[in-house]
Every structure is written in structure tokens, then in C-alpha cells.
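Heads up, the thing below is written out as C-alpha cells.
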Amino acid sequence: MILFILRGRQENGGTTAGKGTLAFASSSSLGRCLSRSRIYPEYHKKDLILHDGVKIGPAAVIAGADISYIRGSDLFFAAVVLLSDPDMQPLAEVHAVGRVSFPYIPGLLSFREGPVLLKAFENLQQVPDLVIFDGQGIAHPRGVGLAAHLGLFLDIPAIGCDKSRLCGEYRDPGPCPGDHEDLLYQGQVIGSVMRTKARVRPVFVSPGHLISLGRSREVTMRCCRGYRLPEPIRQAHLAVNRLRIASQ
DNA sequence: GCGACAG
DNA sequence: ATCTTGTCGC
């Protein structure tokens, strides 16, 4: 087993690898994803990669990733869906299934869900310009939530869009879609609590990798189509549940 | 010791 | 996250 020492360091609102404080164990899947060229043969298309301050082009591809499993079972189902931006039309869907033994520990979710998710990413034939994860970005006690962790491994711009809070304090955002409040943790703004739809609980948005908080919100809102969750996450969620049901 | 705690 | 029925509301 290899240990990677990573630290989520805020830089222009995003994260970069740095010397740091948080030790992440890598499974075989995590390790394999270190060699990106093996996963994505066409990774050289750097011009498609979004960095903060650069608008996502009309031909951009946004991915959503999620996990599902059966209670009492260690079998996990992962899916990554690719949607066109801004149309949100499905372009591709890949899966992975795997046994997971790492327990759920708040703050260490990426150890549990990361390996199977990355296994699904390996099946992609196209590099997404950005990934939205069903988890926190830098809104994490150590600054490295699932979206920040996997964004770093994949080296793709990533956003964390979660349904509930891990850490930080906030006030309820306004009632209109797009309304948002800061998520504060130890005197720092680590994310936004944003209303994506009227009369539903807000979501927790935070930068994962190579993107600012403001743009994270912007992309998240642009991906919303009348539901609480942005389409990439919603479609990924539907995909993993289809996969799980089909396996029973 | 107590409360909080992504999924 | 999963399990689980009905039910309230647009």
C-alpha cells in the first residue's frame, strides 16, 4: 500500500497538491489513476480543460459521479455520466462495481467511495472538462473532501455539491434559486450554501479542484433543471440506482 | 465527558 | 448511504 501525503491548499479558491498534513492511503484503483495517460489516451487535449477565470465553452462536457450500495453488503456500484453543457444532454455513461471494506468515517469518505469511483472513471473514453461530485470539495475539516481529493487525482476541475453539511456554519440562504450564503469554518469561507430550487433545502457547494467558489456556484446553477440537484449529480444518482436494481 | 458527524 | 408506506402538495 502506498501512502500519499496531500493537503488541500486554497489557491484562487481552488485546491492544489501541496506539502501537507493529510495522509491518504491508496488502493490499487487510486494508484492506477495516477497515470492519467493510461486512463485517458487523449489527455493531451489540454485546451478543453477549464481553469478558473476561463468560461466553459458551449461544447464543454460536464461529468457527474455517484455511488450506491446495498445495506449489509460490501458491494458498491459507481457511475459516471457525461452531459453536454449547457444542454445537459447525455453523452456517455460508465460504471464500476467493487467490494469496499473501508468503513464510513465522517471526513474520510473518499477512502470509502474513492476507489470504486475512480474505477468507473477509468472506463471513460472521453475526458470531461469538469466533474461534479456528490460530496464536499474543500468544505472539509482538513480541506480535502471527496471532490477535492478525486479532483486532485484526476487532475480535472471538480466541484463538490452535497446535500448536507460536514462542517462549517451558515445562515439560511434566500428563497430564490441562486440565493446563497457563505459556509464559514474557522474564520474562512470554505463554501456556499445555495438554494437551487424554491421551497427545497439548499445544497452545499464548494470548490474541489482548479475552480473558484463563485464559478462553482455558477456551474452548479447552470446545471440545474428544475430539481434540487444539478443534472450531472441527479443523472449519476439515477444511473447508480438503475445499476443496483439491475444487479438484484 | 459531550456533541457533531459528507455517505 | 439504505430501509420503508403512505401522504401532502404543486
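Scope of the values below: all heavy atoms of this structure, side chains included, with no hydrogens, waters or symmetry mates. Sequence lines set the chain letters: A, B, ... in the order given, protein chains first and strands last, and positions in each chain run from 1.
- A:Leu166 and A:Leu108 sit in two unconnected hydrophobic clusters of ILVMFWY residues. Membership requires side-chain heavy atoms under 4.5 Å apart, directly or through other members.
- Considering CD of A:Gln136 and CZ of A:Arg165, their distance stands at 9.5 Å, rounded to 0.5 Å.
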* Asked: What one-letter contact string describes nucleotides 5-10 of chain C from 5' to 3', where B marks a base within less than 4.0 Å of any protein heavy atom, S marks contact via sugar-phosphate atoms alone, and - marks no contact?
  -> ------

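- From A:Glu113, atom CD reaches atom CG of A:Asp66 across 7.0 Å, with rounding to the nearest 0.5 Å.
- DNA chain C lies under 4.0 Å from at least one heavy atom of each of the following residues of residues 227-243 of chain A: A:His237, A:Asn241.
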* Please report the C-alpha distance between A:Glu231 and A:Arg234 in whole Å, then the side-chain angles of each, then the deciding distance to 0.1 Å, and finally whether the salt bridge (charged side-chain N to carboxylate O under 4.0 Å, His left out) criterion is met. => CA-CA 5 Å; A:Glu231 284 305 297; A:Arg234 205 174 76 82; 2.9 Å; yes

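- Separation of atoms CG (A:Asp87) and CZ (A:Arg225) is listed at 8.0 Å; rounding is to 0.5 Å.
- Taking CD of A:Glu218 as the start and CE of A:Met194 as the end, the distance is 10.5 Å to the nearest 0.5 Å.
- Taking the six-membered ring wherever Trp is involved, the centroid distance between the rings of A:Phe153 and A:Phe121 does not fall below 6.0 Å.
- Separation of atoms CZ (A:Arg228) and CZ (A:Arg199) is listed at 15.0 Å; rounding is to 0.5 Å.
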* With the sugar-phosphate defined as primed atoms, P, OP1 and OP2, and the base as all remaining atoms, what B/S/- string results for nucleotides 1-7 of chain B, 5' to 3', for protein heavy atoms under 4.0 Å? -> ---SBBB

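- Atoms CD1 and CD1, on A:Ile211 and A:Ile159 in that order, are 4.0 Å from each other to the nearest 0.5 Å.
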* **Derivation of the side-chain contact (heavy atoms from CB on, under 4.5 Å) call for A:Asp155 and A:His209** => CA-CA 8 Å; A:Asp155 196 22; A:His209 189 50; 3.5 Å; yes

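- By the criterion of side-chain heavy atoms lying less than 4.5 angstrom apart, applied directly or through intervening Ile, Leu, Val, Met, Phe, Trp or Tyr residues, A:Val240 is not grouped with A:Leu150; the two fall into different hydrophobic clusters.
- Criterion: ILVMFWY side-chain heavy atoms under 4.5 Å apart, direct or through other members. Under it, A:Leu91 and A:Val80 are part of a common hydrophobic cluster.
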* Can A:Asp134 and A:Lys163 be said to form a salt bridge (charged side-chain N to carboxylate O under 4.0 Å, His left out), step by step? -> CA-CA 8 Å; A:Asp134 188 352; A:Lys163 298 178 289 300; 3.0 Å; yes

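- Tracing side-chain contacts under 4.5 Å through hydrophobic residues (I, L, V, M, F, W, Y), one reaches A:Ile233 starting from A:Met221; they form part of the same cluster.
- Evaluation of the ring-ring contact (aromatic ring centres under 6.0 Å, His included) test over residues 62-103 of chain A, restricted to residues two or more places apart or in two chains, returns A:Tyr69-A:Phe76, A:Phe102-A:Phe111.
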* To do: Kindly express the pairing pattern of DNA chain B in dot-bracket notation, using | wherever a base pairs with another strand and counting only Watson-Crick or G-U pairs under 3.5 Å.
  => .......

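- Rounded to an integer number of Å, the gap from A:Asp74 CG to C:dT2 C1' is 15 Å.
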* Secondary structure string for DNA chain C (Watson-Crick or G-U under 3.5 angstrom, | for other-strand pairs) -> ..........

